[in-house]
K.L.:
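Before we start, here is the structure in question, set down as structure tokens.
In the text below, chain A, chain B and the rest are named by the order of the sequence lines, each starting its count at 1.
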Protein chains: 2
Amino acid sequence: MPRTGRPREFDRDQAVTAAMLLFWERGFEPASLAQLRAVMGGISPASFYAAFESKEALFREAVQQYISTYGQVSESFRDTSLTSKAAIEQGLRRSARMQTENSHPLGCLLVLSAVNCSPEQQQIRDLLAKEREKVRGWIKDCIERAVANGELPDSADVDMRVTLFETFLRGISIQAQDGVPYEKIDAAITRLMSTWDLMIAQEVQDPMTKAPYL
Amino acid sequence: MPRTGRPREFDRDQAVTAAMLLFWERGFEPASLAQLRAVMGGISPASFYAAFESKEALFREAVQQYISTYGQVSESFRDTSLTSKAAIEQGLRRSARMQTENSHPLGCLLVLSAVNCSPEQQQIRDLLAKEREKVRGWIKDCIERAVANGELPDSADVDMRVTLFETFLRGISIQAQDGVPYEKIDAAITRLMSTWDLMIAQEVQDPMTKAPYL
DNA sequence: GGACTTCTGGAACGACTATTATATAATTAA
DNA sequence: TTAATTATATAATAGTCGTTCCAGAAGTCC
């Protein structure tokens with residue numbers, strides 16, 4: 001907060017929120033500076049660069065804004081007051097519901113906003129990949145906790161389970177963007193969670209049952 | 001094929017293939033015409049527009065090229081010589097293997113190449129959404145066939161099963177792009193397929209077991 | 001040998017991209 | 001009141017975007 005000088009004429013936080021929604025809807029590169037400035041209150045280029053270092057810096061702020069609001073649904077994955085199974089289930093359901101709400105862009109900003117990116121903006125991709133990796137870590141911690149406290153047997157294949165739930169979670173973003181309603185995804189989650197208690201013997205797969213690739 | 005006039009100096013099919021790979025790697029918009037022309041054999045703008053109507057028309061050709069080659073893995077979903085379960089399983093495994101191969105860009109072109117798209121190119125998005133919808137239709141047909149021939153009971157929730165497998169399938173694209181290796185996804189598929197034979201009673205979920213959203 | 005057709009390289013198009021320069025307005029501190 | 005500081009509007013920067021124009025080259029047809 002500057003103590004001296006001409007005061008800013010627009011609400012900085014509000015501007016970041018507006019920018020976050022545009023980044024969410026269009027992605028990093030297709031959200032042009034002119035469009036961003038427009039939704040941020042029609043501010044001038046000079047005002048923009050006085051308040052934000054660059055488009056990339058604004059994006060980083062927007063990502064943090066997303067994480068601290070809509071992205072909070074992922075916190076369920078590390079809610080240790082729940083059983084591991086309940087934490088995973090709640091994380092999936094809350095993610096699905098948030099991503100299919102029509103009060104904001106569909107899908108997850110962390111998954112969708114830099115899929116199509118020039119190699120020059122690899123840093124943007126890395127930034128989001130890092131955040132997705134965090135979520136994967138929480139899911140992994142959650143399942144490891146289940147093994148540690150006996151909720152799952154020692155023989156449980158942790159990595160396989162993490163990949164199973166994470167892959168489905170990522171798929172929700174694509175499905176949400178394609179207009180699949182919450183109810184459908186919710187029902188699929190119920191089915192997916194039924195794998196949790198399957199006999200451990202089934203985790204040791206029979207190679208003969210696997211279909212070959214081409 | 002023109003019978004008269006100066007002959008084309010580059011291989012059109014080869015050019016489409018090169019363009020397809022660039023679209024696959026970068027997406028529709030980030031793949032610039034200059035870069036496309038470069039990988040297409042260093043052809044000039046005039047040569048490009050003489051052979052192709054526009055960037056969009058080239059993309060449509062590239063999509064068809066993808067479908068008729070790499071995209072053939074999805075044909076497993078409508079292979080009626082297999083049981084429905086085997087068809088779904090093989091479709092998932094082949095998709096996962098193809099999308100994680102390092103001899104070409106990662107993930108599925110139909111899922112990833114127009115995620116970040118300006119509203120002006122909605123037609124591009126629609127084109128790909130239509131192709132994804134086709135795959136969903138094949139999965140649905142496959143499961144309906146299972147019900148029709150007694151492989152699954154009449155009470156099986158077809159829509160739920162379709163969404164379950166489709167959401168996982170979409171997630172594979174994101175996971176592949178994030179560098180998750182085939183083996184991990186393959187193991188998760190084995191687990192996912194184990195839901196196939198679950199007791200039908202479990203499909204009628206108890207609302208009390210569902211976690212609320214926030 | 002024209003006439004006709006198609007493809008070629010190269011220059012140019014207007015519209016956009018993110019960013020910066022310049023000058024002025026509005027505030028606080030001394 | 002003056003200096004220092006920060007935000008503002010406006011204009012301009014260099015670069016890229018997809019696309020088009022133009023003159024010439026390289027073929028086929030008569």
K.L.:
What's the CZ-C1' distance between B/F28 and D/dG18, to the nearest Å?
P.N.:
10 Å
K.L.:
Applying a 4.0 Å non-hydrogen cut-off, can you work out what A/S44 is touching in the nucleic acid: base, sugar-phosphate, or nothing?
P.N.:
base
K.L.:
Among D/dA7, D/dG18, C/dT8, which is the nearest nucleotide to the side chain of A/R8?
P.N.:
D/dA7
K.L.:
Sort out for me which residue in B/R161, B/R132, B/R136 forms a side-chain hydrogen bond (donor to acceptor under 3.5 Å, both in side chains) with B/E166.
P.N.:
B/R136
K.L.:
Heavy atoms within less than 4.0 Å of DNA chain D: which residues of residues 113-126 of chain A have one? Give them sorted by number.
P.N.:
none
K.L.:
Anything under 3.5 Å between a protein N or O and an N or O of nucleotides 25-30 of chain D, put it in a table, one pair a line.
P.N.:
unit_1: D/dA25; atom_1: N3; unit_2: B/R6; atom_2: NH1; d: 3.4
unit_1: D/dG27; atom_1: N2; unit_2: B/T4; atom_2: OG1; d: 3.3
unit_1: D/dT28; atom_1: O3'; unit_2: B/R3; atom_2: O; d: 3.3
unit_1: D/dC29; atom_1: OP1; unit_2: B/R3; atom_2: NH2; d: 3.2

K.L.:
Which listed nucleotide (D/dT20, C/dT8, D/dT8) is nearest to the side chain of B/P45?
P.N.:
D/dT20
K.L.:
Tell me what A/F10 touches on the nucleic acid: a base, only sugar-phosphate, or nothing, going by heavy atoms under 4.0 Å.
P.N.:
sugar-phosphate
K.L.:
Using a strict threshold of under 4.0 Å (side-chain N to carboxylate O), is an ion pair present between A/E29 and B/R26?
P.N.:
no
K.L.:
Can you tell which of C/dG10, C/dT19, D/dT20 lies closest to the side chain of A/S54?
P.N.:
C/dT19
K.L.:
Has B/S47 got a side-chain N or O lying under 4.0 Å from the OP1 or OP2 atom of C/dG9?
P.N.:
yes
K.L.:
Is B/K55 positioned over the aromatic face of B/F28, cation under 6.0 angstrom from the ring centre and no more than 45 degrees off axis?
P.N.:
yes
